[in-house]
Structures are given as C-alpha cells and as structure tokens.
Amino acid sequence: DQKPATPVIVSGDMTDEWLDGFLTMNGTIDAQRPAASAMLKNIHDPIAAASIVENGKMVACGLGVLERGHVGLYDIYVDASCRRKGLGRCICSSILSEAKKKGAEHAYLQVVKGNVHAKHLYTTLGYEDFYTYWFRAKNVTGTQNEIS
C-alpha cells in the first residue's frame, strides 16, 4: 500500500468542514443533512474524526468513537476514484493510533455483509468476524422487511 500524498488529518472535534465532507462522502441528501448533523454532533464520547483532503476535496474519511477503553470505527469512506491506494488503511490506522493515545485498548467495527473489499481491509488489520446481525423494518401495511 502506498501512503497518501496528503497526510491524514485527525481531530478530536467534528468541525463543520469535516462534517460537510463526511456527509457528502456517505451520500446524505440535502434534506437529511440537518438531522444527520444533529445526530452526529450529539455524540458526547471522545471522537477521532479523520480525513484525507486532496486538491481541496475530501477523498477519504472515517470516525472513531471512544468509550470505556474501546474505540469503534464508523463509516470509513474512500472516494471511488481513490480506492485501492491504501487510503482506507491510513484512515483506520490513524484513528486507532489516536484512540490508543487517549487510552483505548480494544477496537471494534461493523461492516455490511457484502462489502468484500472492506472486509478484506479489516481482516488484514487483524479484525475477525464476531457475530452477524440484521435490521428489520415495518412498513405501513404491517409486513416486515429484512435488511442485512
């Protein structure tokens, strides 16, 4: 894996600039941005907000949330045009390093079952499957739909 041309920026604060790039990368539509921003800003545990910005555009990002000696890795995104360059690994490693400085001894993450590229990255970082889960949603007609 090659190192990014621009270093990973890790902050203990969720800046408006980071949040805007993060919401853009995860595909949050304009109508949902206020609610998504409020939800993220409501995280009261220490965080590590990581990003890689190239030519003024966020090309990779992720969020680490620290709680009781653990860090959870959330929403690791890499722009489609920048994949397979080691940026996801750099984001994860930077979050883990920052979390360790803040006292985290354990780490966890969640990944969608079919995301084989992310699962490969996480396996090379030492993660292994622990358990599976699924979401259930109920529509207005009363039938259940499973989402995994």
Side-chain angles (χ1 to χ4, degrees), residues 1-29 32-54 56-138 144-148:
D1 290 333
Q2 53 189 348
K3 295 283 185 200
T6 308
V8 178
I9 302 162
V10 182
S11 174
D13 295 317
M14 201 176 298
T15 65
D16 289 339
E17 183 178 63
W18 181 88
L19 193 54
D20 183 57
F22 176 81
L23 293 174
T24 298
M25 290 204 70
N26 76 13
T28 302
I29 61 172
Q32 294 174 338
R33 282 182 179 245
S37 295
M39 180 186 72
L40 288 165
K41 287 185 176 187
N42 200 36
I43 296 171
H44 297 292
D45 294 312
I47 64 158
S51 62
I52 298 173
V53 177
E54 293 181 352
K57 178 185 174 192
M58 184 183 286
V59 296
C61 65
L63 178 65
V65 179
L66 293 86
E67 181 182 22
R68 295 177 288 173
H70 291 75
V71 60
L73 294 177
Y74 295 97
D75 299 313
I76 309 300
Y77 293 105
V78 177
D79 186 87
S81 67
C82 298
R83 293 189 180 142
R84 312 233 9 111
K85 297 180 180 180
L87 302 187
R89 176 178 302 280
C90 291
I91 290 288
C92 291
S93 297
S94 296
I95 291 171
L96 293 170
S97 177
E98 187 64 25
K100 187 175 181 179
K101 290 178 197 172
K102 294 181 177 181
E105 297 179 12
H106 306 281
Y108 64 91
L109 55 83
Q110 299 169 340
V111 62
V112 175
K113 185 177 183 178
N115 192 340
V116 293
H117 297 295
K119 283 192 77 166
H120 174 75
L121 167 63
Y122 300 141
T123 299
T124 65
L125 289 171
Y127 291 89
E128 56 189 58
D129 288 342
F130 189 66
Y131 65 91
T132 59
Y133 68 97
W134 59 93
F135 295 97
R136 294 178 188 250
K138 185 175 181 178
Q144 287 188 345
N145 300 310
E146 288 189 8
I147 304 168
S148 57

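Residue indices begin at 1 and follow the sequence shown. No hydrogens, no waters, no symmetry mates; every other heavy atom, side chains included, goes into these values.
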request  = Take atom NZ of Lys100 as the centre, draw a 6.0 Å sphere, and report whether it contains more than 12 heavy atoms from other residues, nucleotides or ligands.
outcome  = no

ask   = Does atom CZ of Phe130 have more than 12 heavy-atom neighbours from other groups under 6.0 Å away?
value = no

task = Would you check if Leu40 and Phe22 make a side-chain contact, meaning some heavy-atom pair closer than 4.5 Å?
result = yes

query = Parallel, tilted or perpendicular: which fits the ring planes of Tyr108 and His70, with parallel below 30° and perpendicular above 60°?
reply = tilted

ask   = Is Ser37 reaching over with its side chain to a backbone N or O of Pro34, donor-acceptor style, under 3.5 angstrom?
value = no

remark   = Taken to the nearest 0.5 Å, the spacing of Glu98 CD from Ser93 OG works out to 13.0 Å

key: CD-CG distance between Glu54 and Asp79, expressed to the nearest 0.5 angstrom   = 9.5 Å

query = Short question: side chain of Arg89, backbone of Leu121 - any donor-acceptor pair under 3.5 Å?
reply = no

request  = Give the intermediate values and the outcome of side-chain contact (heavy atoms from CB on, under 4.5 Å) for residues Asp75 and Cys61.
outcome  = CA-CA 8 Å; Asp75 299 313; Cys61 65; over 6 Å; no

query = Between Gly62 and Ile95, what is the shortest heavy-atom contact and its length?
reply = C-CD1, 3.7 Å

request  = Could you go through the side-chain contact (heavy atoms from CB on, under 4.5 Å) check for Lys119 and Asp129 one step at a time?
outcome  = CA-CA 9 Å; Lys119 283 192 77 166; Asp129 288 342; 3.2 Å; yes

request  = Locate the shortest heavy-atom distance separating Ala50 from Trp18; write the atom from each residue and the value.
outcome  = O-NE1, 3.0 Å

From SG (Cys92) to CD1 (Ile76), nearest 0.5 Å = 4.0 Å

message = Closer than 3.5 angstrom, by distance alone: can the side chain of Ser94 be matched with the main-chain N or O of Cys90 as a donor-acceptor pair?
response = yes

inquiry  = How long is the straight-line distance from OH of Tyr122 back to CG of Asn115, given to the nearest 0.5 Å?
reply    = 7.0 Å

ask   = Looking at Arg68 and Asp45, does any basic side-chain N land under 4.0 Å from a carboxylate oxygen?
value = no

ask   = His117 and Val111: side-chain contact (heavy atoms from CB on, under 4.5 Å), yes or no, with the steps?
value = CA-CA 10 Å; His117 297 295; Val111 62; over 6 Å; no

key: Minimum side-chain heavy-atom gap Met58-Met25 below 4.5 Å   = yes

request  = Kindly indicate whether the side chain of Met14, heavy atoms from C-beta on, has any atom under 4.5 Å from the side chain of Leu63.
outcome  = yes

inquiry  = Whether the His44 and Asn42 side chains hold a donor-acceptor pair (N or O, under 3.5 Å, no angle test) is what I'd like checked.
reply    = yes

request  = To the nearest 0.5 Å, tell me how far Arg83 CZ sits from Ser81 OG.
outcome  = 9.0 Å

Note, Lys41 side chain near Leu19 side chain (heavy atom, < 4.5 Å) = yes

pair Val78-Lys85: side-chain heavy atoms closer than 4.5 Å = no

task = Measure the spacing between NZ of Lys101 and CG of Leu66 and express it to the nearest 0.5 Å.
result = 12.5 Å

Nearest atoms (heavy-atom pairs only) where Leu23 meets Asn26 = O-OD1, 2.9 Å

